[in-house]
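Accompanying notes for the structure given below.
Just so it is clear: chains get the letters A, B, ... in the order the sequence lines come, proteins before strands, and each one is counted from 1.
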Amino acid sequence: AQSVTQLDSHVSVSEGTPVLLRCNYSSSYSPSLFWYVQHPNKGLQLLLKYTSAATLVKGINGFEAEFKKSETSFHLTKPSAHMSDAAEYFCVVSDQGAGGSYIPTFGRGTSLIVHP
Amino acid sequence: DGGITQSPKYLFRKEGQNVTLSCEQNLNHDAMYWYRQDPGQGLRLIYYSQIVNDFQKGDIAEGYSVSREKKESFPLTVTSAQKNPTAFYLCASSISPTGTYGYTFGSGTRLTVV
């Protein structure tokens, strides 16, 4: 069975400093991995995705993530935080389950707080 | 523009009532999903459908029902059997059942029991 662990429920940074949001996963096969962002009372927007191509994935708004199979990690980074980055971030894994269906599994989310 | 439309944005339910949340997509996506979001719990899968006229239970299907009579529509009914329905509900779709290309989400419906 697949699972996702977001290691921090809250991350607080100052504007202009680097952002690191951590995600570890477990999967039986070859997963697809995603990061989504959610602003208050809104739907989720795709930031980036890994689907077995390059291990360093670049996304929108300056975010990127590196797939490390040996560490089963897919951490999200950004060199310099902006106030507009304050939101909830979700790591998602999608893999083939025992019944053959691909079901996306979400982490519990990390709330990014950006201080001026 | 293509996307997913959820309606209504806010919904109030009285005790013992059934209510239906609408989810429509014009992306020609095969797969559709319903999630429930509660604070600090991430998104939990209620039901999913990978093809018209077929759907499967997710992790928390009790007290909910769905239908998939048309490719573009996947309504969710919250029945009176759902004891704690107050939550934010999100509908999603993907172009293929494998999800390789990611998932598109609607803006959500916030359901409150009054």
Path from A/Phe34 to A/Val37 over hydrophobic side-chain contacts below 4.5 Å: no
Option that, when pairs with chain B are counted at under 4.5 Å, heavy atom only, ranks first among A/Ser9, A/Ser94, A/Ser32: A/Ser94
B/Phe88 vs A/Gln38 side-chain heavy atoms within contact, under 4.5 Å: yes
pair B/Leu43-A/Leu44: side-chain heavy atoms closer than 4.5 Å: yes
Atom CD of B/Gln17 with >12 non-hydrogen neighbours under 6.0 angstrom: yes
Exceeds 12 heavy-atom contacts within 6.0 angstrom, atom NZ of B/Lys71: yes
Point-to-point distance, once rounded to the nearest 0.5 Å, from OG of B/Ser94 to OH of A/Tyr102: 12.0 Å
Contact leader toward chain B among A/Val4, A/Asn41, A/Leu46, where contacts are heavy-atom pairs under 4.5 Å: A/Asn41
Exercise: do B/Tyr101 and A/Thr51 side chains pair donor with acceptor under 3.5 Å: no
CD1 (B/Ile51) with more than 12 external heavy atoms under 6.0 Å: no
Most contacts with chain B, counted as non-hydrogen pairs under 4.5 angstrom, among A/Pro104, A/Pro31, A/Gly43: A/Pro104
Within 6.0 Å of CD1 in B/Ile95, more than 12 heavy atoms from elsewhere: no
Rounded distance (nearest 0.5 Å) linking atom CD of B/Gln56 with atom CD1 of A/Ile103: 8.0 Å
Cluster overlap A/Tyr50 with A/Val92, hydrophobic side-chain contacts below 4.5 Å: no
Proximal component of B/Gln37, with respect to chain A [non-hydrogen, under 4.5 Å]: side chain
Parallel, tilted or perpendicular: rings of A/Tyr36 and B/Tyr103 (30°, 60°): tilted
A/Lys58 atom NZ: more than 12 heavy-atom contacts under 6.0 Å: no
